[in-house]
*Asks:* 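Could you have a look at this structure, given as structure tokens, before my questions?
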Amino acid sequence: MTCANHTSLPVLNAKDFTTDQDVRWCPGCGDYAILTCVRKVLPKLPFRKEDFVFVSGIGCAARFPYYMDTFGVHSIHGRAPAVATGVKLANPDLHVVVVSGDGDLLSIGGNHTMHAMRRNLDFTILLLNNKIYGLTKGQYSPTSEFGKVTATTPFGSIDYPINPISLAVACGCTFIARSIDIDMKHLSVVIQRAIEHKGTSFVEIYQDCNIFNHQAWFYASQKDTKADATIFLEHGKPLIFGKDRDKGIRFHQGKMEIVELGNGVTESDLIVHDETDHSLAFLYAQMSHPQFPEPLGIIHANPDKPTYDTLVQKQIKASFERHGEPDLQTLINGNDTWEIK
Amino acid sequence: MTCANHTSLPVLNAKDFTTDQDVRWCPGCGDYAILTCVRKVLPKLPFRKEDFVFVSGIGCAARFPYYMDTFGVHSIHGRAPAVATGVKLANPDLHVVVVSGDGDLLSIGGNHTMHAMRRNLDFTILLLNNKIYGLTKGQYSPTSEFGKVTATTPFGSIDYPINPISLAVACGCTFIARSIDIDMKHLSVVIQRAIEHKGTSFVEIYQDCNIFNHQAWFYASQKDTKADATIFLEHGKPLIFGKDRDKGIRFHQGKMEIVELGNGVTESDLIVHDETDHSLAFLYAQMSHPQFPEPLGIIHANPDKPTYDTLVQKQIKASFERHGEPDLQTLINGNDTWEIK
Amino acid sequence: MTPQPTQTPTEPTTLDSVVIRFCGDSGDGMQLTGGQFTDTSAFLGNDFATLPDYPAEIRAPRGTMFGVSGFQVHFSSHDIFTPGDTVNALVAMNPAGLKANIEDVQPGGIVIVNEDEFNTTNLKKCGYPQDYNPLLDEQLTSNFTLVCVPMSRLTREALTESDIGAKAVDRCRNMFALGIVYWLYERPIESSVRYFEEVFGKAKSKPEIAEININALKAGYYFGETAELFPSRYRVLPATHPPGLYRRISGNKATELGLVAAAQKANKKIVYASYPITPASDIIHGLSHLKHFGVKTFQAEDEIAAVCAAIGASFAGDIGITGTSGPGVALKSEAMGLAVMLELPLVVVSVQRAGPATGMPTKTEQADLLQSFFGRPGESPCIVIAPCSPSDCFMMAIEAVRLALLHMCPVIFMSDAYLANGAEPWLIPDMNDIPPIEVTHPAPLTSPGEDFLPYKRDLETLTREWAIPGTAGYEHRVGGLEKQAETGNVSYDPDNHHEMVRIREEKVARAVKTIPPLEVRGPDSGDALVLGWGGTFGSITTAVDQLRAEGRSVSSAHLRYINPFPSNLGEVLSRFKTVIIPEINLGQLRMLIRARFLIDAIGINVMRGRPFNVEYLTQRISEIMDDSSKGQDR
Amino acid sequence: MTPQPTQTPTEPTTLDSVVIRFCGDSGDGMQLTGGQFTDTSAFLGNDFATLPDYPAEIRAPRGTMFGVSGFQVHFSSHDIFTPGDTVNALVAMNPAGLKANIEDVQPGGIVIVNEDEFNTTNLKKCGYPQDYNPLLDEQLTSNFTLVCVPMSRLTREALTESDIGAKAVDRCRNMFALGIVYWLYERPIESSVRYFEEVFGKAKSKPEIAEININALKAGYYFGETAELFPSRYRVLPATHPPGLYRRISGNKATELGLVAAAQKANKKIVYASYPITPASDIIHGLSHLKHFGVKTFQAEDEIAAVCAAIGASFAGDIGITGTSGPGVALKSEAMGLAVMLELPLVVVSVQRAGPATGMPTKTEQADLLQSFFGRPGESPCIVIAPCSPSDCFMMAIEAVRLALLHMCPVIFMSDAYLANGAEPWLIPDMNDIPPIEVTHPAPLTSPGEDFLPYKRDLETLTREWAIPGTAGYEHRVGGLEKQAETGNVSYDPDNHHEMVRIREEKVARAVKTIPPLEVRGPDSGDALVLGWGGTFGSITTAVDQLRAEGRSVSSAHLRYINPFPSNLGEVLSRFKTVIIPEINLGQLRMLIRARFLIDAIGINVMRGRPFNVEYLTQRISEIMDDSSKGQDR
Ligand SMILES: Cc1ncc(C[n+]2csc(CCOP(=O)(O)OP(=O)(O)O)c2C)c(N)n1
Ligand SMILES: Cc1ncc(C[n+]2csc(CCOP(=O)(O)OP(=O)(O)O)c2C)c(N)n1
Ligand code: SF4
Ligand code: SF4
Ligand SMILES: [Mg+2]
Ligand SMILES: [Mg+2]
């Protein structure tokens, strides 16, 4: 049941992680690329196939586990992080990946997502954010932009959206990243790092819902806009972006500010990305289109905060050390018995 | 049913807001002071008594409405913000105050709190934070400090606490404040501002649970420590604190830093509190004891963001303007009828 | 505009009723096609019933079995109650559609296929063995009247003049198919032409789209006429409906309109708070357009928030309504208990789907009845009612609101996926004939008066007064803790609790006084009574009418009010030797009836995610009537 | 160490059994006092049963009615089953305690009060009219043996030498009172002395606290002896219990231990995921100390997260358990449906309290039975069992785990507030006598073998195999959508759904094979059978035994397994002319019995948040037996 210390691992490939079930997403759905990506990343990791568990809620994205030839639970709407918590409590050696949609993880399931992150459970959450409810045919989600016209908001939504990264930062999540379905290479790197991370790793993935919200991410995915609308974070590198890489971000009075490079402004004036810096993450959390380019990449990573799973095990170990071999009869008897002869 | 435009309001006092029900909190409970404070604040407001609705969940704090001679709902655990939302949808002219505990509003009810804040519903949330579950006799709550020994964590809790201010900031809450039960004067000011605010106003109140968590807030309430452990925010004033008001906070590389005044460091180097600055709120959200003094006062206030309630009314109005007087029969008939003679 | 016949056709065969099913890929527009056919039949004066059947996936990859979408229309010259058991004519736009539906077609039935889609790729996608083409299979050709039409090619050819792009052109195949069927069943194309002109011609101002669809439709119609593919045309005469203005209506639409009508009749506003879930989402979609009718819709963060917002709205004086399906009802159950305790009006619309858990979310079932009775802790009585047909959702939605307001308690309205999506013609009622719903709130006190007693009751109905925030002098607190009679203060007094439990129970029981007695269809005594509730009305009525026509001593009755039961229920049951209860569950109403009346009611219980098959029902009813041993259904 | 009598006392009166109730303010330590008295009685060999009764408020302002806390002990020289209807001796530490409890005292009973607390402030706080002191009321003095003791003053005087502070000294009044009572009932003080020495003397190293408590206790004892306030001392002889080692046990403690024992017997770890709620919280409190027994506790963010974590844990191979009360069960209901669909072991501990909604959270009730049967959408069968006494919680908790593992489905364990908090002596079973629980998981495949079929079933039990993550070759997916038989793949096939619904139902029904038949207490046929379930065992047994002793033809039987019913239930019922079902609800089991067996079972239904009053029960049973009209209970 435990799976530590494997001396030799079989060589696997994406096909080994592919089930015999036909994938049932709409043609052109961004979920396909993400699935392909995950199938390719897993064989690269030094883990056994049978130690993976994929857990999801309900939604288009949440069909994910059916297509991964690993252990998997397609649970109920919004509860994937809670189910995943149970899996890890039972067996901390498993590699657990939660995959679900923005409605699932932020609307009905927002609380579980929040509490998993603050507890630093050692699993990965892939939030497939298409800014819409796909499976129920196009209602707005907590990430939909203000004013969005959808099935339930014919005159435009009046909810201000939540920024998932902001939430993750506020909850003290120890690994926070963002990527996009169309950039398979970037996505692969991010997902691999996320699964490798010890602690809750949260990845927001911009995902195209081809049917109900096709243009939602165009600013971040289309050739003509993406270079200005996004910024790739690299640990130790200054924050530069733009089609001609001529723009950067620097501090001004504790806030971020976009500057043009040149005219006395040089790279050395710019903020240097440090993924271990949690305060910086608070600043990235405030960057959103169109005021700012939106950060893609690993926003924050803190591998040192003990995980919930580890702490559970530590307390169990301490308890064993204190009590020695448990004796059931002694426990049942308790301290106050009397005998009748 | 509507209550706008009152020309003359009766003069009321705290007693007018007091029910005939005996208050049933434990002797010494911090909730008493908060109750007294609220009873004193309401008469100061230019609102009619019958337009107040107090809504709570379940917990010691949640008994609040029974003691307020206003309309009130003592609902179920964690759901007060949702009930309050319904009240405001029905009648936006009411003044709604949610009062509940840390377990209620952040554990089981975390999601409703979060979504109410992001929607900017026009009501006040008073979070009576005693860092413990009082009513169920002393289990740890999401705000309890790491390592806390409680009924369910005999070996210390292993959950990292959530910072309520952080969460409020992440959700874009338009009024965020913090106060403490023992400082009635400060508390009154904060609560009054909160109720006056248009939009979701969130007030974290440090509250002493005399029975199960008596010393939790000592650092912020006791004479010898409080001046160093807290900092009072005042709009337009520099961030100064300490028993001798000799310490301040300034920016350093986009972060906050504590400095001693003197030796070349002057007040003008310090951050000046601007309650309208949302980015600043992100920084306050990161200040916690013992690394930083904890900010008390109005952390953020943005009265300009349209409230959910207003937007609902706006859409209704627009709809009326578009459609004119609604005719039920026309609606029922629809567009595709046929007649049989 | 319907093309006039250029040659004298053979005289069409007149049929009593026909069941036609359109099927194809989710992207093939089958729901629209079926809807158009239904509307046209409606205008012709046929009675009809429809059964849309779509997959849980939004748009599974083209050509796969999961992606098959279907729409069945039963149209007739006499009164019908169901969408029909077996299909007389199947239109299959691709191999997957054919494969998934062929077994429902009656032997000798017409099968029209788009032969262009029967290529190797598509055949493989739906799992046919290599080198096999069903169109060449003796089985198919000998058992059915197979009509192969190269619809893709013909549609393209018909639209060569359009320069709108191949994709849009290809999307018109369904209209080509509809044209053929219109010709076959002698239906005029006007109504559909008008539809395209209105929807695309004006509103969305895409006149080209309107044009190509209309042209494809015409092309199909002409093709039917010209190609002489069919042995005969068919005619289904108008039904003899009572005179009046009619519309097609689905259960969800009727529910939506009923709620609005009730609110207007009560002179109240609605807060409809909901979280999207199949098959209930349509209701919030529809209502969200009706802000000018005083309808406020709220898409909550989850079902719990939705019901709580509805409760909050009711406290503040609007009518709080929340709609969902079984999994959502489960989540709402704690808060529904709160509403029971607060004694506030609340309507819970429960559109049942096949469970347990996520189950089969787009399919129908009746297995949430006991959840609505007992799915809450403590003794927590709610009124439970259930519409029996798509159009009945209108009147029953009004009833739900009326009962909630009159009795100050939650009313659960049990619809289901079949009712929700199925449609039928509806003789539109005159809104003036619907009586107003009286609601009173105490008026503000001008001088300090007596203390308000929020839990003081009307002696007749046992309901309390509904005093709302904003009313001076009526400040009061409600909550989930047990309350002292009259004052409503928190009370842990043992006798008070016992009394309050009894009062809440009795209050709901007294609702019986304003609900109509149960009516029996057929003689009011006899060998057997077939008792049903909810969406099975159509199948049961059809089956029992048929058996009675065959001379059997059997009647039917349908419960639309379930808690409380109509006052005459026990007496009605006692007049029959056997009581048979068909349900799309394992016997939930049956259990309630057995417990209450101690009669050995026999169940017929089939859970296939679909309405009952009338033939099966007929057969089982006779068997049970024949069988003295009266064994339970398998 | 018990002080030896200095003067020859009058010979004590021997009594069969005594009911004593300690009451006072929440801060007066009544639960501790009652517990100590119970322990001492246990050591003396009495049988006993206890009923703690505390307010929902933590510590309402001193002296108010809401703040009254009570603890009742029934101790006896023969077998007893209930904490007793009427109180023989009341100890009231303050006016509120007296006021709240006096009506339960038998006429002529002993009432010992701390007269120091009957001052104007306190009398006013509990609502007595001005200038009225009940101690001076003829009513009280003539109806009861009133013994007024200035306990506050005497305690202070007894502890003058201690310099620990007035507050701590005052807190010892309860021990002074206990001392008096010990003297009155001839109980030795040793056991309590030892308690204080152990708890405060060592563990928390507060020897002064131990000392003052012990001194107060002794002072009370001496006072009893010296003061000659009582007409007589009383003696209750030891009961004739079977030989063996005993302990006092409450239902919650027994549940906790039973779960641990079951896990050990199954050689499995437990994940107990829960969200605090009265009266279930004790269980997670207790279990959180037992990490070395392989018990992992998880305080989740809410009840939904708790049950989902338990399901996740079961998927991964631990025993997933979740515990709560009615409102929590409501929240868990959607996920319980998921567990039904996943066919994983899950134990749901439901400790019922008085509802609906928040109700009376510290009081007992049995009104969640139907919720456990039907509180989920769809046909969603769970096994339901219910312990019948505090100690029975131990064996039934083991049964819950056994059945969940054996049948791969949720098992709902229905305890209640009375069982949870009540205590009785328990003959501790030998753990070696408890048979192991066999669990198997498929072992890893070493070479790629056949495809694993997760929903292939054991032909006998219909359960599927439990293959857990980490096992090579057994990768599989489970989910809430309907699944194809055997493969477990998603399936919307109509016939498959029907079959799966039937299989899930049948699987639970087959659990009947491993559950014991129902036993009848008394003759196995006769005029009446009184049938109960859950926490009413004690009252029913006492009442029926008494009626039988009076010569009536009545037996009793208690259902501990409710879904499925024991196989012989129908047959047992058929042997009695009348079946009477007392329940602390409005007739929930009664409904199930009536529906299943079509017998006119009569209910006795009293919902006062307390166990049945035995006298009332006895009287109602006779009335029903006498009354041919057999009307239902009011
Ligand atoms: C309890 C419950 N409520 C509602 C639903 C209906 N439902 C299914 S998926 C979904 C939202 C899907 O949105 P998202 O999570 O963003 O996933 P996507 O389909 O966009 O990938 C909803 C509301 C459900 N299945 N269960
Ligand atoms: C659904 C539900 N779950 C659990 C409970 C039990 N419960 C009541 S109050 C409470 C927590 C109280 O903590 P908090 O909100 O911090 O309030 P406090 O008592 O500390 O003021 C809990 C767990 C409940 N009443 N309902
Ligand atoms: S509806 Fe959108 S998210 Fe769902 S499968 Fe289709 S394209 Fe993807
Ligand atoms: S338990 Fe704590 S929070 Fe609750 S009333 Fe007592 S002191 Fe206050
Ligand atoms: Mg989405
Ligand atoms: Mg608290």
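All figures in this text were calculated on a predicted structure; none of them were measured in a lab. Within every chain, numbering begins at 1; the chains are lettered A, B, ... in the order of the sequence lines, protein sequences first and strands thereafter.
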*Asks:* Could you tell me which portion of C:E365 (side chain, backbone, both or neither) has an atom closer than 4.5 angstrom to a non-hydrogen atom of chain D?
*Replies:* side chain

*Asks:* Please round to the nearest 0.5 Å and tell me the distance separating atom CD of C:Q371 and atom CG of D:L370.
*Replies:* 13.5 Å

*Asks:* Tell me, out of D:V340, D:V501, D:L342, D:L338, who's got the most heavy-atom pairs with chain C below 4.5 Å.
*Replies:* D:V501

*Asks:* In terms of heavy-atom proximity below 4.5 Å to chain D, should C:R596 be classed as side chain, backbone, both, or neither?
*Replies:* backbone

*Asks:* Can you name the side chain to side chain contact (heavy atoms under 4.5 Å, CB included) partners of D:C23, sequence neighbours left out?
*Replies:* D:L90, D:A92, D:N101

*Asks:* Please identify each residue that fulfils side chain to side chain contact (heavy atoms under 4.5 Å, CB included) with C:S372, with sequence neighbours left out.
*Replies:* C:L369, C:V384, C:I412, C:M414

*Asks:* Please report the shortest heavy-atom distance between C:L481 and D:P361, naming the atom on each side.
*Replies:* CD2-CD, 3.7 Å

*Asks:* First locate atom CG of C:D302, then atom CD1 of D:I304, and finally report the distance between them rounded to the nearest 0.5 Å.
*Replies:* 7.5 Å

*Asks:* Any idea which of C:G609, C:A339, C:S380, C:P327 has the most non-hydrogen atom pairs under 4.5 angstrom with chain D?
*Replies:* C:P327

*Asks:* Ignoring hydrogens, what is the shortest heavy-atom contact between C:A357 and D:G480? Give both atom names and the distance.
*Replies:* CB-O, 3.6 Å

*Asks:* Among D:S350, D:A354, D:G479, D:A56, single out the residue with the greatest number of heavy-atom pairs under 4.5 Å to chain C.
*Replies:* D:A56

*Asks:* Would a 4.5 Å heavy-atom cut-off, applied to side chains only, mark D:M65 and C:Y492 as touching?
*Replies:* no

*Asks:* Would you call D:N496 and C:M360 a side-chain contact if the rule is heavy atoms closer than 4.5 Å?
*Replies:* no

*Asks:* Looking only at heavy atoms, which two atoms of C:H498 and D:V606 are closest? And how far apart?
*Replies:* CE1-CA, 3.5 Å

*Asks:* With a 4.5 Å cut-off on heavy-atom pairs, point out which of C:G378, C:P55, C:A335 contacts chain D the most.
*Replies:* C:G378

*Asks:* Check whether D:S491 gets within reach of chain C through its side chain, its backbone, both or neither, counting any heavy atom under 4.5 Å.
*Replies:* backbone

*Asks:* Find the one option among C:A367, C:G328, C:G355 whose heavy-atom pairs under 4.5 Å with chain D are most numerous.
*Replies:* C:A367

*Asks:* If I measure from the heavy atoms of chain D, does C:R376 come under 4.5 Å with its side chain, its backbone, both, or neither?
*Replies:* backbone

*Asks:* Between chain D and each of C:E499, C:M607, C:K332, C:K363, count heavy-atom pairs under 4.5 Å; write down the option with the most.
*Replies:* C:M607

*Asks:* Kindly indicate whether the side chain of D:F374, heavy atoms from C-beta on, has any atom under 4.5 Å from the side chain of C:M591.
*Replies:* yes

*Asks:* For C:E505, is it the side chain, the backbone, both, or neither that has a heavy atom closer than 4.5 Å to a heavy atom of chain D?
*Replies:* side chain

*Asks:* Examine distances only and state if a side-chain atom of D:R594 and a backbone atom of C:A595 form a donor-acceptor pair shorter than 3.5 Å.
*Replies:* yes

*Asks:* At a heavy-atom separation under 4.5 Å, does C:Q588 approach chain D through its side chain, its backbone, both, or neither?
*Replies:* side chain

*Asks:* I need the minimum non-hydrogen distance between C:L586 and D:R502, along with the two atoms involved.
*Replies:* CD2-CZ, 3.5 Å

*Asks:* Of the options D:V329, D:L331, D:T358, which is the one that meets C:E334 in a side chain to side chain contact (heavy atoms under 4.5 Å, CB included)?
*Replies:* D:L331

*Asks:* Are C:R504 and D:P356 side-chain neighbours, meaning at least one heavy-atom pair lies under 4.5 Å?
*Replies:* yes

*Asks:* Looking at C:T362, C:N585, C:L598, which has the largest count of heavy-atom pairs under 4.5 Å with chain D?
*Replies:* C:L598

*Asks:* Looking at C:G375, C:G326, C:S325, C:A100, which one has more heavy-atom pairs under 4.5 Å with chain D than the rest?
*Replies:* C:G326

